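Here, residue 1 is the first one in the sequence, and each next residue gets the next number. For ligands, and for the atoms within them, numbers begin at 1 and follow the listed sequence. Worth saying up front: this structure is predicted, and the values here are computed from it rather than measured.
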Amino acid sequence: MTSSEVWDEDTAIRYDASSAEMFGPEVLDPTVDFLADLAGSGAALEFAVGTGRVAIPLATRGVAVTGIELSEPMAAQLRQKVDETTLPVVMGDMATTRVPGEFDLVYLVFNTISNLRTQAEQVECFRNAARHLKPGGRFVIELWVPAIRRMPPGQSVVPMSMGENGHLVFDTYNLATQACTSHHYFHEADGTTRYGSGNFRYIWPAECDLMAQLAGLEFEARYADWHRAPFTSDSDSHISVWRKPATS
Ligand SMILES: C[S@@+](CC[C@H](N)C(=O)[O-])C[C@H]1O[C@@H](n2cnc3c(N)ncnc32)[C@H](O)[C@@H]1O
């Protein structure tokens with residue numbers, strides 16, 4: 001049993017269009033370059049592979065990629081683009097599902113570790129990554145830094161973005177439980193407004209490092225983006241890399 005919300009068919013059908021900016025070459029090219037570099041000639045496993053946004057171009061680059069995915073409708077969208085031989089997907093929870101084989105790289109992008117909404121499951125997710133790694137293999141996470149600096153005392157709402165298409169996003173935080181809800185308002189072509197929300201457990205970079213330690217992984221690097229820009233106190237997101245010790 002997972003605390004993750006299971007993404008439904010409507011969300012899956014809309015996913016690629018509603019995340020269009022994440023499919024642009026300015027986002028995907030450096031992401032795939034970074035991951036292909038770490039995978040080398042080895043195999044990669046994507047936790048929460050979704051519709052294959054990253055896995056498909058990575059496989060196209062010659063990396064043998066396998067995915068784990070919880071949502072049948074999301075996996076069905078991926079399957080419309082690529083066959084099982086090119087990109088096998090195992091259905092299940094990324095915190096517990098075991099895929100046969102060992103991998104040089106396990107990666108979990110687009111803030112998705114936060115979809116697990118308990119600390120215990122997030123720790124299990126790190127342990128599951130470590131279980132799948134060869135000695136010397138890497139676990140990579142892309143995760144936002146909680147936007148709590150933007151909140152004055154007593155406030156629990158953070159405006160996040162207002163897209164050109166009128167897509168309005170704001171987040172609400174519960175600082176006591178590390179729970180966060182993202183509220184999305186989409187302005188549709190017919191003039192109506194559609195509301196969608198997602199619930200998360202936010203994590204600080206330091207908490208990730210502790211989870212990695214609990215999983216027997218060693219910290220290797222943290223960057224502000226896929227171009228390896230330095231991570232600073234003003235960074236609003238991070239790419240973190242941990243390594244399974246060569247002898248473990
Ligand atoms: C933001 S999407 C990311 C998809 C893809 N990795 C990408 O970058 O486009 C989040 C994905 O995580 C999946 N997911 C959420 N919780 C999960 C879990 N516990 N185990 C496996 N997949 C999960 C959702 O079904 C969804 O496909």
Quiz item: Are there more than 12 heavy atoms of other residues, nucleotides or ligands under 6.0 Å from atom CG of D236?
Solution: no
Quiz prompt | Identity and separation of the nearest protein heavy atom to atom 23 (C) of ligand 1 | solution = L70 CB, 3.6 Å
Quiz item: Hey, which of R194, H184, H187 is the one that makes side-chain hydrogen bond (donor to acceptor under 3.5 Å, both in side chains) with H167?
Solution: H184
Quiz item: Which of these passes side-chain hydrogen bond (donor to acceptor under 3.5 Å, both in side chains) with T181: N199, N174, D171?
Solution: N199
Quiz item: Charged N to carboxylate O under 4.0 angstrom, E84 versus R79?
Solution: yes
Self-check item: M74 contact mode with ligand 1 (heavy-atom cut-off under 4.0 Å)
Solution: side chain
Quiz item: R53 heavy atoms, cut-off 4.0 Å: which ligand 1 atoms fall inside?
Solution: 7 (C), 8 (O), 9 (O)
Practice problem: For the pair Q213 and D209, evaluate side chain to side chain contact (heavy atoms under 4.5 Å, CB included) and give the outcome as yes or no after the intermediate values. | Solution: CA-CA 6 Å; Q213 259 189 59; D209 291 338; 5.7 Å; no
Quiz item: R131 and E124: side chain to side chain contact (heavy atoms under 4.5 Å, CB included), yes or no, with the steps?
Solution: CA-CA 10 Å; R131 244 175 248 137; E124 267 323 294; 3.2 Å; yes
Exercise. Could you walk me through whether M151 and Y173 pass the side chain to side chain contact (heavy atoms under 4.5 Å, CB included) test, one step at a time?
Key: CA-CA 10 Å; M151 279 193 305; Y173 282 86; 4.0 Å; yes
Quiz item: Quick one: does ligand 1 sit under 4.0 Å from the side chain of D93, the backbone, both or neither, non-hydrogen atoms only?
Solution: both
Quiz item: Against heavy atoms of N115, which atoms of ligand 1 measure under 4.0 Å?
Solution: 15 (C), 16 (N)
Quiz item: Quick one: does W7 get an N or O within less than 3.5 Å of an N or O on ligand 1?
Solution: no
Quiz item: Considering all heavy atoms of both residues, which atom of S71 and which atom of M74 are nearest to each other, and what is their separation?
Solution: OG-N, 3.1 Å
Quiz item: For E220, does the CD atom have more than 12 heavy-atom neighbours from other residues, nucleotides or ligands under 6.0 Å away?
Solution: yes
Quiz item: So is F47 polar-close to ligand 1, meaning N/O to N/O under 3.5 Å?
Solution: no
Quiz item: With a cut-off of 4.0 Å, which atoms of ligand 1 are near a heavy atom of T2?
Solution: 19 (N)
Practice problem: Closest by any non-hydrogen atom to atom 24 (C) of ligand 1: pick that one out of M22, M94, E69. | Solution: E69
Quiz item: When only distance counts, is S4 in polar contact with ligand 1, meaning an N/O pair under 3.5 Å?
Solution: yes
Quiz item: Of all the non-hydrogen atoms in the protein, which one sits nearest to atom 14 (N) of ligand 1, and at what distance?
Solution: A48 CB, 4.0 Å
Quiz item: Counting each atom of ligand 1 from 1 as listed, which ones have a heavy atom of G92 under 4.0 Å away?
Solution: 20 (N), 21 (C)
Self-check item: Atoms of ligand 1 close to V109 [distance to a heavy atom under 4.0 angstrom, numbered from 1]
Solution: 6 (N), 8 (O)
Self-check item: Distance filter under 4.0 Å to L116 heavy atoms, resulting ligand 1 atoms
Solution: 19 (N)
Exercise. Could you pull out the closest heavy-atom pair between V27 and R53, with the gap in Å?
Key: CG1-NH1, 4.1 Å
Practice problem: Mark up the atoms of ligand 1 that fall under 4.0 Å of a heavy atom belonging to E46, in ascending order. | Solution: 5 (C), 6 (N)
Self-check item: Any Y15 heavy atom less than 4.0 Å from ligand 1
Solution: yes
